[in-house]
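Keep in mind that what you see is a predicted model, and the values were worked out from it rather than measured. Throughout, residue positions are numbered sequentially from 1 according to the sequence presented. All heavy atoms count here, side chains included; hydrogens, waters and symmetry mates do not.
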Amino acid sequence: PSALLSAATGKPKATRSGPATTDPSVWPARVIVNVLLGLATAWPLVWAWQRPPLPAFYSQALACALWALTLTVAALLGRNRGRHRGFQTSAMGFERSMSAANGAMIALWLLLLLVITLHGASGLAPWFAVAPAALNFLLALSLAAWVLLAERDDVLSAWTALLWALLIAAWVNALVVALQLIAPNWTDDLWIARPELLSTVNGAAPTPRPGGNLRQPNQLATLMVWGLIAGAHLLRRWRLVWLLASAPLLLALTATGSRAGLLSLLAVAVVGVLLAARRPGEVVSAQRARVWVRLLSTAVLLAVVAAALWQVAARDTAGESLAQRVALWRETIALIGMHPWWGVGWSQLNFAWTLTPFATRPADVFDHAHSLPLHLAVELGLPVLVALLALMFIALARLPRTLREAVSRKRDGMTTALLLLLAMLLHSLVEYPLWFSYFFLPTAFAFAVVVRLSQPSVDAAPEHALRGAPWRLVVTTICSVAL
């Protein structure tokens, strides 16, 4: 009733979380942007049809196009609506964007974009290798600008849409995993991808290792972990529904045989318990009871995952894979010692590694260091890696304090985004999922959400939104070119 009264009188109802947007014209823009964002997140993750030479080209092209379309529509719909506005910027929004944390996040993407552009201009890396990365960094920069300058309610609404998209994509891939294992003849490689076949040491028939429509078991495992995190956030009020929704994701995660995925689930479960152990304003007795219940459930989960890890570690190729990875890291560190300042050039690790004599060299061919810090150090140089880590530290400096003080919806959204980032970071220490646009762009969005929500809340709305905000022109131009 108060919302209807506010809408009828033209006076928005203020709340603790900020100014209410009661203008009905806000909702069409919000729904359109959220639907597009959901499609941009989920569709590339369930896309099956691919062709050589790049196995995931079509999924990545689809992800870039849909995220560019989403940002373009968000910028175009961010018109000035006076005090009632949807996806738009404001004078106060530009004040927020000048904070140290927000500036550090913007500087991080600008630094990456500048460095790889210099690599292309100087001939250190070919332009055909620089261009795709530059496109993704431009989209990440636009995402950061959008999240930082939009109203907090719009950011939370878009974040919820992304979580639903991740959960749906995880469910679809779990169904694909079931078909790959139970009815492999149904995998036509058009709608359902064929599973990877594992070779065996004893000459036995190869066994399928499901990778869903992503065609890669470790990537599928990370998507399952993301789906479990999204389900825990979206379905937390309906425990039975949450358990039923999580069961197929856990089974699919175990079927992948991914050590990185199972370890990520362990870390996410422990950190999630610690973050949920204390809620601001909660009495001590209720807090202790909540801690014991969560610790008990986590202990059961740890036991199940530990048993799955034992089975995964016992597979024939586990030891060989680990030995190759360690050898690659050792040789990457040697290359960093040879090129500490400028690196070997963006996407030039394989070229430098191939032409550098090593005493022992793995039989496989690598084009990535399989570790995000090592890869950035060897291709961009140690100074750039240190600068990126410093900017990330500044961007997240307020996070611990905000987690202690924030309440309700803001804290839940920030915690979920943080857990998604944690899962992706752990996977990136042993693989390279961020080199795929359908993982990189949602991760960039989650990073922007964490930084945005870790900032102090704005309780009062400015009298007038900033007219002709320059970010609309910039974002629309970048995303239209990308599209």
Practice prompt. Test S347 against E379 for side-chain hydrogen bond (donor to acceptor under 3.5 Å, both in side chains), laying out the working first.
Written response: CA-CA 7 Å; S347 294; E379 289 196 345; 4.8 Å; no

For the ring pair [X] and [Y], is the centre-to-centre distance below 6.0 Å?
{"X": "H368", "Y": "W435", "result": "yes"}
{"X": "W109", "Y": "F440", "result": "yes"}
{"X": "W226", "Y": "F439", "result": "yes"}
{"X": "H375", "Y": "Y432", "result": "no"}
{"X": "Y58", "Y": "W47", "result": "no"}

Hey, are [X] and [Y] close enough for a salt bridge, meaning a charged N less than 4.0 Å from a carboxylate O?
{"X": "E151", "Y": "R30", "value": "no"}
{"X": "R236", "Y": "D412", "value": "yes"}
{"X": "D189", "Y": "R215", "value": "yes"}

Contact check, side chains of [X] and [Y], non-hydrogen atoms, under 4.5 Å:
{"X": "W191", "Y": "W49", "answer": "no"}
{"X": "R325", "Y": "V430", "answer": "yes"}
{"X": "L62", "Y": "P44", "answer": "yes"}
{"X": "L167", "Y": "L234", "answer": "yes"}

Discussion item. What I want to check is whether the side chains of W146 and S142 have a donor and an acceptor closer together than 3.5 Å.
Written reply: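 Absent: no donor and acceptor within the cut-off.
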
Discussion item. Whether the T222 and H427 side chains hold a donor-acceptor pair (N or O, under 3.5 Å, no angle test) is what I'd like checked.
Written reply: yes

Practice prompt. Would you indicate whether W127, at its atom CH2, is surrounded by more than 12 heavy atoms from other residues, nucleotides or ligands within a distance under 6.0 Å?
Written response: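 More than 12 heavy atoms, drawn from other residues, nucleotides or ligands, come within 6.0 Å of this atom.
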
Worksheet entry | F358, CZ atom: more than 12 neighbouring heavy atoms under 6.0 Å | yes

Worksheet entry | Positive for side chain to side chain contact (heavy atoms under 4.5 Å, CB included) with V177, one of L251, V172, L220, L249 | L220

Practice prompt. For side-chain hydrogen bond (donor to acceptor under 3.5 Å, both in side chains), just list the numbers for T256 and N218, CA-CA rounded to whole Å, side-chain angles, deciding distance to a tenth of an Å, and then say yes or no.
Written response: CA-CA 7 Å; T256 63; N218 289 323; over 6 Å; no

